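Notes follow the structure.
First the proteins, then the strands, lettered A, B, ... as listed; each starts at 1. Small disclaimer: the values here were computed from a predicted structure and weren't measured.
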There are 2 protein chains.
Amino acid sequence: MKASLKRPDTRSAVFEAAATAFAEHGFDGVSVDDIAQIAQVNKAMIYYHFADKLALYRAVVGDMLDSVGAAVTEIAESSTSPTDKLDRFIDRFVRLAETRPWFPTLMLREISAGAPHLDLETFAKIRIVFGAFAQILAEGQTAGVFRSVQPMLAYTTVIGPLLFNVARERMAAVPGRRNLPMFVDIPHADLIAHVQLAARRMLEPR
Amino acid sequence: MKASLKRPDTRSAVFEAAATAFAEHGFDGVSVDDIAQIAQVNKAMIYYHFADKLALYRAVVGDMLDSVGAAVTEIAESSTSPTDKLDRFIDRFVRLAETRPWFPTLMLREISAGAPHLDLETFAKIRIVFGAFAQILAEGQTAGVFRSVQPMLAYTTVIGPLLFNVARERMAAVPGRRNLPMFVDIPHADLIAHVQLAARRMLEPR
DNA sequence: GTCTATACTTCGATAGAC
DNA sequence: GTCTATCGAAGTATAGAC
């Protein structure tokens, strides 16, 4: 008995192929033909499951942001000290980036370009991530363990170094650059410890 | 008497048009036709002055890096305290970004993409910028006013937030996003003061 | 749901006249 | 140095058979 010609997982095959390809080469750098080839799917099927290239892209970004938002919200609402929550926020961010390497890469590319492919719906998801951070910050300020800072400046100080390091690792991945002193290998444990320390000192009340 | 048909400034017109356009839309997002139109120059003239699109791009990036490298090297070699040099490094970086808005934007885009358009010659210029920072750091460590840190981690902590904020400002520039809480206006003076404070605290020996 | 074929557009680059 | 015209490749999207 022959198996059904239907492939119920066509959509997810397209989805995963798009996620990795977009992260690697950006929105403009990936053609729909590329995605079809990676997913082992006919190109017309992509247009059957998604309205167009942009809708597919937004689906990928939105899905990632939902995961990250849920993860950091859980940390913000857990029952430890604000300082510990901050440490865990940083740690979780780096660990998520290890599990889904395309997530920080894709987001970094997008925001560096001025986020031309994101709509307000996507920004609402981003806001949840920032909101979790701001919640931790406010809790610490109320408790008197954090000083008063503009939340976005504090967020910038934490996320900026993490994203910059993602970019550094990506640049180092190109053959022939490994020996450049800029691209020394920095273990993620060191990165996490350093950002945690810098964040804690930044927020110390004096 | 008719003026000469020659336009000795054709090359620089192309150069400036390319700089702003590449920063705004990235390498792939700008066509040679676009540059020709902005510069009010015939497209074939671009290929007369530059080998190809990539060579033009690298010329733009290289020129910017030369300027920044010279500026920060001057600071590193000046005769003030390491702490003051660090403050001035941060201040100068933001001020240069104001004078030539396309510089940080373009660099951020490029490194976010994994720097696929940069060659080793360009990395040598980048290294000069990082080298100036590392020199300030080492001087402070020798003097005992800075703690021991991996230079690239320290650099990341300073540059990361600055570049992240550039991206934030660019995203906020799109109509309809201004009212989003993520995109509150942060005066550059506040940004500078905040990063200076965070950097100083990060490097405090304890 | 799946595939082939193709219409339509944009882009990088060059040939060759002046 | 300057310009016109154009080639050839690549990309998005759709029409329409099965």
*Pairing pattern in dot-bracket form [Watson-Crick, G-U; both distances under 3.5 Å; | = partner strand] for DNA chain C*: ||||||||||||||||||

*Name all residues meeting the side-chain hydrogen bond (donor to acceptor under 3.5 Å, both in side chains) criterion together with A:Arg168; count only those two or more places apart in sequence or in a different chain, and write none if there are none.*
A:Asn165

_Could you work out, with salt bridge (charged side-chain N to carboxylate O under 4.0 Å, His left out) as the rule, every residue matching B:Lys125, not counting sequence neighbours?_
B:Asp66

_Gap between atoms CD1 and P, on B:Ile46 and D:dT2 respectively (whole Å)_ = 12 Å

*Examine C:dT2: is either OP1 or OP2 under 4.0 Å from a nitrogen or oxygen in the side chain of A:Thr10? Give yes or no.*
yes

*Please step through side-chain contact (heavy atoms from CB on, under 4.5 Å) for the pair A:Leu106 and A:Tyr57, ending with a clear verdict.*
CA-CA 10 Å; A:Leu106 186 48; A:Tyr57 183 84; 3.7 Å; yes

_A:Asp28: salt bridge (charged side-chain N to carboxylate O under 4.0 Å, His left out) partners, not counting sequence neighbours_ = none

In a table with atom names and distances, give each donor-acceptor pair under 3.5 Å that connects a side chain of residues 185-197 of chain A to protein atoms at least two apart or in another chain.
unit_1	atom_1	unit_2	atom_2	d
A:His188	ND1	A:Glu98	OE2	2.5
A:His188	NE2	A:Glu169	OE2	2.7
A:His194	ND1	B:Thr157	OG1	3.4
A:Gln196	NE2	A:Asp87	O	2.9

_Sequence-distant partners of B:Arg201, salt bridge (charged side-chain N to carboxylate O under 4.0 Å, His left out), two or more places apart_ = none

_Go nucleotide by nucleotide along DNA chain D from the 5' end; which of A:Gly29 and B:Met45 gets its closest nucleotide reached first?_
B:Met45

*Go along nucleotides 12-18 of chain C 5' to 3' and tag each nucleotide: B for a protein heavy atom under 4.0 Å from its base, S when only backbone or sugar atoms are that close, - otherwise.*
BBB----

_Nearest-angstrom distance from the residue atom NE2 of A:His49 to C1' of C:dT2_ = 10 Å

*Residues in side chain to side chain contact (heavy atoms under 4.5 Å, CB included) with A:Ser81, at least two apart?*
A:Thr83, A:Asp84

*Any residue meeting salt bridge (charged side-chain N to carboxylate O under 4.0 Å, His left out) with A:Asp34, in chain and number order, not counting sequence neighbours*: none

_Could you tell me how far apart A:Gln37 (CD) and D:dT12 (C1') are, to the nearest whole angstrom?_
17 Å

